Number of protein chains: 2
Amino acid sequence: MREVAERAGVSIATVSFVVNNTKPVSPATRERIEAAMAELGFRRNVVARALASRRTRILAMAYPALQHRLGSTAMSFVTSAASAASEREYHLVLWPVDNDGVELTELIRQGLVDGIVLMEVLLDDARVDALISTGTPYAMIGRTADPAGLPYVDIDFDATVDTALDHLQSLGHREIAFVSERPPSEEFRAYGAKVRAEAAFRGSCERRGLEPIILECAQNAAGGRKAAGELLQARPRTTAVVIMNEHAAFGVVSGLARSGVRVPEDVSLLSVSTSSDMGAMADPVLTIMRSPGIHLGRLAVQLLLSQLDGGEAPSTRLLPCELHQGESTAPARVRG
Amino acid sequence: MREVAERAGVSIATVSFVVNNTKPVSPATRERIEAAMAELGFRRNVVARALASRRTRILAMAYPALQHRLGSTAMSFVTSAASAASEREYHLVLWPVDNDGVELTELIRQGLVDGIVLMEVLLDDARVDALISTGTPYAMIGRTADPAGLPYVDIDFDATVDTALDHLQSLGHREIAFVSERPPSEEFRAYGAKVRAEAAFRGSCERRGLEPIILECAQNAAGGRKAAGELLQARPRTTAVVIMNEHAAFGVVSGLARSGVRVPEDVSLLSVSTSSDMGAMADPVLTIMRSPGIHLGRLAVQLLLSQLDGGEAPSTRLLPCELHQGESTAPARVRG
DNA sequence: CTGAAAGCGCTTACAG
DNA sequence: CTGAAAGCGCTTACAG
């Protein structure tokens, strides 16, 4: 920057003004400075800028990588958040942290990031406490038990489950099961998405006069197979399954097949909060409700930056998953 | 840090020495300083340290997110690299960059990162040129056409393919096909992993007196289904398939099934360079050769840090995938 | 073993 | 519209 200033015959302050566009500079001076920058191939050192301005323009997306697998569905949150950040001249990096808030506190106090986007929020989340007590700007994707007043965006599970049941009921299904994730550890029992989706399913069934049944299974094909077996045992008349456990969905299909139950001829399967990519991997291609990750990642960054730079906070907080018809749902058939 | 120094009655220089353990400090002084740090909850500001030391201790893992999907297999490189970095007190962040080297050059010149780990290397890769011409420390996972003298680690495709063919031949298979990825765009035709794996297959077949056939398909289930159809058309006597295209593997199974060909009874399927997670999603569970991502991520970071901090460079550069028997390979059966 | 001081490359009141 | 100067919070020769 000093070199640029010398070459353009101005002070480094003036160079800084044009680089950041922070103060009016006469067109002539600006032109000389820009020419000098181009000739020298100048890039401002972001570390020095960060120290002087006390802003690093780095946002961390805190992801509990050890506890959650980062599949294509989760990645859509990350990539959309990253591109939203980049439009506002921020960097967004994916930062693996533990759930207990210790690593997150470390990260914050190092002064490397200006704000945090939090994923996979628990109903009672130590990381949120850490964020609040340190006064760190943040935005959640997901929410705690009582998120009133907190900055969050999330999937609208009530609307999502309602749409799912509308779809299945319109196909004539009345015996509908819900399969969710078995928490990998005890603390995950209070994983917000799971709890809210199950509650939404119970509520929606009640309003419709349906008898809800909810199963849990591990997040892999073996879990899905096992769940399929349990379901046929517990509710042999089931004609449709809503599953919010994308890694187990394949297993449900093959588990049913092993008992001679075909999808969708005998049982319809609707995979909720997932991606088209995941749905397309299965055979039959799954009917899915696509996670609004692309939008929520962006909204979360907007929400965070509204605190950092004072823009306006987005008014939308909740977004439903969207139905995409595949081959795994079909009209109900009366079964023995 | 000034506060800590005051409280301990020393200069900030001395505090710095104990924080970084860079110079001998008397036990008594050290104790006072550590006490003061604990009381004040001191964390050194990494931005200031970076500016003063001209080292940010941040490593970027450059990933062409737009061109490659970041599945669980690729994530194993990232997480192992991140933990290796963390052991040496570096941060590793995942940085999406284009293949053309422009974004990477930008990133480098901002001075935010000390070094780069490059993934998904092309045979002729503009990013490598950018790295070399700017003198940036880096390590490749994968390699260019002529990587002699360049810092890389990679999968040993020759050994991997040989093991795959050993496995299948020992089961009596002699008509073996190879399915690889169809490049999403023209520039990816020269994607190193694909080219090397195909060449290894051809070479190994030749040495064994087998007639190689190689198909390409898109990286999804539909692609796999299509490839299965094409294969049955082109080589109906095929009894085994080696596939290096994990997202299409499910599709091959179901594509074969649609033509009445069962896996593994009629055709064996071996999915190469993938993860157990992916293999377990299929039914039957796939026999796989597991990507050595966990080791290569770590080796890449060691290789990079040997340039940065002068440790010793790892001598291992190439690692094969490891065979894990699943349910998708079985003895060959003579077919019509 | 410890300290005073320069300096990392910028930003930002403040003055003009 | 432009500049001189302080300062961001550390590290690191250098001197003692």
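Please read all numbers here as calculations on a predicted model, not as lab measurements. Proteins come first, then strands; the chains are lettered A, B, ... in the order of their sequence lines, and each starts at number 1.
- Between W95(B) and V93(A), the closest side-chain pair of non-hydrogen atoms falls below 4.5 Å.
- An OP1 or OP2 oxygen of dC8(D) is reached within less than 4.0 angstrom by no side-chain nitrogen or oxygen of N45(B).
- The closest side-chain donor-acceptor pair between S83(A) and S86(A), if any, does not fall under 3.5 angstrom.
- Side chain of F17(B), nearest nucleotide from dA13(D), dC10(C), dC10(D): dA13(D).
- Straight-line distance from the CZ atom of R43(B) to the C1' atom of dC10(D): 15 Å, rounded to whole Å.
- Between M1(B) atom CE and dG7(D) atom P the separation is 19 Å, expressed in whole Å.
- Between S53(B) and the phosphate of dC8(C), there is no side-chain N or O to OP1/OP2 separation shorter than 4.0 Å.
- Mapping S11(A) and T22(B) onto DNA chain D via the closest heavy atom, the residue that lands nearer the 5' end is S11(A).
- Atom C1' of nucleotide dC10(D) and atom CD of E3(B) are separated by 14 Å, given to the nearest angstrom.
- Between S16(B) and dT11(D) there is a side-chain N or O to OP1 or OP2 distance below 4.0 Å.
- In this structure, a donor-acceptor pair under 3.5 Å is absent between the side chains of N45(A) and R109(B).
- As judged by a 4.0 angstrom heavy-atom cut-off over every strand, R44(A) is placed among residues touching the sugar-phosphate backbone only.
- Nearest-nucleotide positions on DNA chain C place P27(B) closer to the 5' end than the other of R54(B) and P27(B).
- Nearest-nucleotide positions on DNA chain D place A52(A) closer to the 5' end than the other of A50(B) and A52(A).
- Searching all strands for a Watson-Crick or G-U wobble partner of dC14(D) with both distances below 3.5 Å returns dG3(C).
- For dG3(C), one of the phosphate oxygens OP1 or OP2 lies less than 4.0 angstrom from a side-chain nitrogen or oxygen of T14(B).
- Side chains of D114(B) and T56(B): a donor-acceptor N/O pair is present below 3.5 angstrom, by distance only.
- Closest to the side chain of A13(A), out of dA4(D), dC10(C), dC10(D), is dA4(D).
- When only modelled atom types and interatomic distance are considered, N20(B) and S16(B) share a side-chain donor-acceptor pair under 3.5 Å.
- Whole-Å rounding puts the R57(B) CZ to dC10(D) P distance at 16 Å.
- Where L51(B) and V10(B) each meet DNA chain C at their nearest nucleotide, the meeting point lying more 5' is that of V10(B).
- Between the CZ atom of R55(A) and the P atom of dC10(C) there is a distance of 19 Å, given to the nearest Å.
- Between K23(A) atom NZ and dA13(C) atom P there is a gap of 8 Å when expressed in whole angstrom units.
- Atoms CD (E6(A)) and C1' (dG3(D)) sit 15 Å apart, rounded to a whole Å.
- Whole-Å rounding puts the R30(A) CZ to dT2(D) C1' distance at 13 Å.
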